[in-house]
Protein chains: 2
Amino acid sequence: MDVKYTFALRKIALLGGIDDYIAISSRELGDALGISQQSASKRILELLDEKLIVRDLGARRQRIKLTSRGVDEMRKEYNEYRRVFELTDHITVRGKVTDGMGEGKYYIGQPGYTEQFEKKLGFTPFEGTLNITVDKEDVSKLDMIKSTAGIVIDGFENEGRTFGNVIAYKARIKNIDCAIVAPERSHYSDVIEIVCHYHLRRTLSLDNGDQIDVKISL
Amino acid sequence: MDVKYTFALRKIALLGGIDDYIAISSRELGDALGISQQSASKRILELLDEKLIVRDLGARRQRIKLTSRGVDEMRKEYNEYRRVFELTDHITVRGKVTDGMGEGKYYIGQPGYTEQFEKKLGFTPFEGTLNITVDKEDVSKLDMIKSTAGIVIDGFENEGRTFGNVIAYKARIKNIDCAIVAPERSHYSDVIEIVCHYHLRRTLSLDNGDQIDVKISL
DNA sequence: ATTACTAGTAGACGAGTAA
DNA sequence: TTTACTCGTCTACTAGTAA
């Protein structure tokens with residue numbers, strides 16, 4: 001992403017283009033960006049080309065707004081700033097214990113993964129994951145976590161099946177070491193999966209719906 | 001502020017240069033920024049020139065960190081993002097009622113100010129201000145408020161004394177219209193001064209130390 | 001009034017290289 | 001190894017102007 005695109009995008013967002021269409025001439029945008037009308041016109045064409053904004057080119061005044069791709073780019077930058085200004089060395093997210101679909105157990109059981117967990121996380125995982133539905137107000141923190149490096153658990157093949165890369169993030173629940181795991185290319189979700197050496201449900205006497213804090217290292 | 005400076009600044013901050021010196025070669029910074037070693041070296045010189053970073057040029061590895069001016073620039077951008085992602089149309093800050101130094105009363109009493117308050121804020125101020133010490137966790141919100149336009153109350157001269165410009169921000173305390181006022185060029189403070197048509201201390205039966213929410217319009 | 005083309009130019013970039 | 005100079009290229013800008 002070119003810097004000058006995010007700069008223009010941010011100004012458009014500040015002028016209200018993140019929620020809805022805003023009527024703005026290329027001259028006005030140019031003034032806001034400190035560039036000429038001609039350059040602003042070109043910038044708009046570039047942003048359209050990159051599918052960062054959409055335009056409704058009326059007879060007299062064009063109206064533009066960010067696309068979801070545009071909003072995503074902005075959020076990425078916002079998260080970088082949050083890491084700079086809000087962070088120490090960990091983030092705490094709160095959520096409720098939830099039933100998983102039992103899939104975790106199958107994956108975690110694969111020797112190709114377990115060996116790496118031991119080497120890279122420092123514990124052999126209990127066979128099964130604890131699923132937590134993150135509270136609405138903390139979901140944005142998951143973005144911040146995903147924007148950090150994480151520990152790559154390499155994928156492998158076994159009996160003709162392909163197991164993809166998994167990213168792990170070290171965490172602690174009530175001072176017990178554990179890790180959040182997620183497929184490398186996972187789409188948005190408010191559910192996180194926890195692996196741990198212990199059976200967390202039993203060790204901490206957790207039931208579905210129980211509130212729990214997860215402290216994630218960065 | 002040139003965009004490319006804030007971009008470089010942000011990467012340096014993310015690499016830890018906001019808290020302390022970080023050792024980073026021009027090649028490494030170039031890689032982080034997606035530019036050549038030569039350009040990164042030039043960028044560092046430009047940032048030094050703008051006093052956005054300071055450098056400790058060791059024999060083998062240079063060490064750099066942001067200056068307070070550099071951090072301020074970053075925070076300005078951070079606040080723009082917060083306005084985009086966190087805001088609706090107001091911010092609520094919480095604080096404790098505090099004794100002022102009686103200065104507010106003298107200033108607010110000046111006809112040069114009161115006439116403008118009436119015209120620009122829609123009320124004649126009670127002679128005196130309510131001081132609130134903002135809670136530590138809400139102090140950063142004051143930055144966000146300062147980064148918005150505010151209403152300019154023009155300065156004037158009276159009997160040889162110069163009264164400077166004042167910036168007012170419309171606010172509400174328990175649904176009573178009021179405004180935060182601050183000298184145009186005020187330095188950092190966690191105390192805000194409130195003007196109101198009513199004597200807020202009496203009207204709301206406030207004592208020093210009482211917790212109070214101030215809802216500030218943006 | 002708009003948007004956006006063409007053309008000319010300033011300046012940002014990286015390659016080569018010195019220290 | 002470093003940092004950072006010079007210099008040639010090429011991009012990104014603005015002015016002029018068409019539609």
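Nothing here was measured: the structure is a model prediction, and the numbers come from that model. Lettering follows sequence order; numbering is per chain, from 1.
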Heavy atoms under 4.0 Å, any strand shown: does B:Q62 hit a base, just sugar-phosphate, or nothing?
-> sugar-phosphate
At what angle, to 10 degrees, do the two end axes of the helix from C:dT2-D:dA19 to C:dA19-D:dT2 meet, given five pairs define each axis?
-> 40°
Using a strict cut-off of less than 4.0 Å between a Lys/Arg side-chain nitrogen and an Asp/Glu carboxylate oxygen, indicate whether B:R43 and B:D2 qualify as a salt bridge.
-> no
Side-chain N or O of A:S41 closer than 4.0 Å to phosphate OP1/OP2 of C:dT3 = no
Any chance you could measure A:I192, atom CD1, to A:I194, atom CD1, to the nearest 0.5 Å?
-> 4.0 Å
A:Y107 vs A:Y113 aromatic rings, parallel, tilted or perpendicular, using cut-offs 30° and 60°?
-> tilted
B:K42 with B:E46: basic N within carboxylate O range, under 4.0 Å = yes
For A:S25, report the nucleic acid contact type (base, sugar-phosphate, nothing); a contact means any heavy atom under 4.0 Å.
-> sugar-phosphate
Counting only non-hydrogen atoms, which of residues 42-52 of chain B are less than 4.0 Å from DNA chain D?
-> B:L45
Distance check: side-chain N/O of B:S26 vs OP1/OP2 of D:dT3, anything under 4.0 Å?
-> yes
Donor-acceptor under 3.5 Å (B:K170 side chain, B:L121 main chain) = no
Under the ring-ring contact (aromatic ring centres under 6.0 Å, His included) test, which residues partner A:Y78, sequence neighbours left out?
-> B:F85
Identify which one of B:V54, B:V71, B:D19 satisfies the side-chain contact (heavy atoms from CB on, under 4.5 Å) criterion when paired with B:L66.
-> B:V71
Is any side-chain heavy atom of B:R61 closer than 4.5 Å to a side-chain heavy atom of B:E28?
-> yes
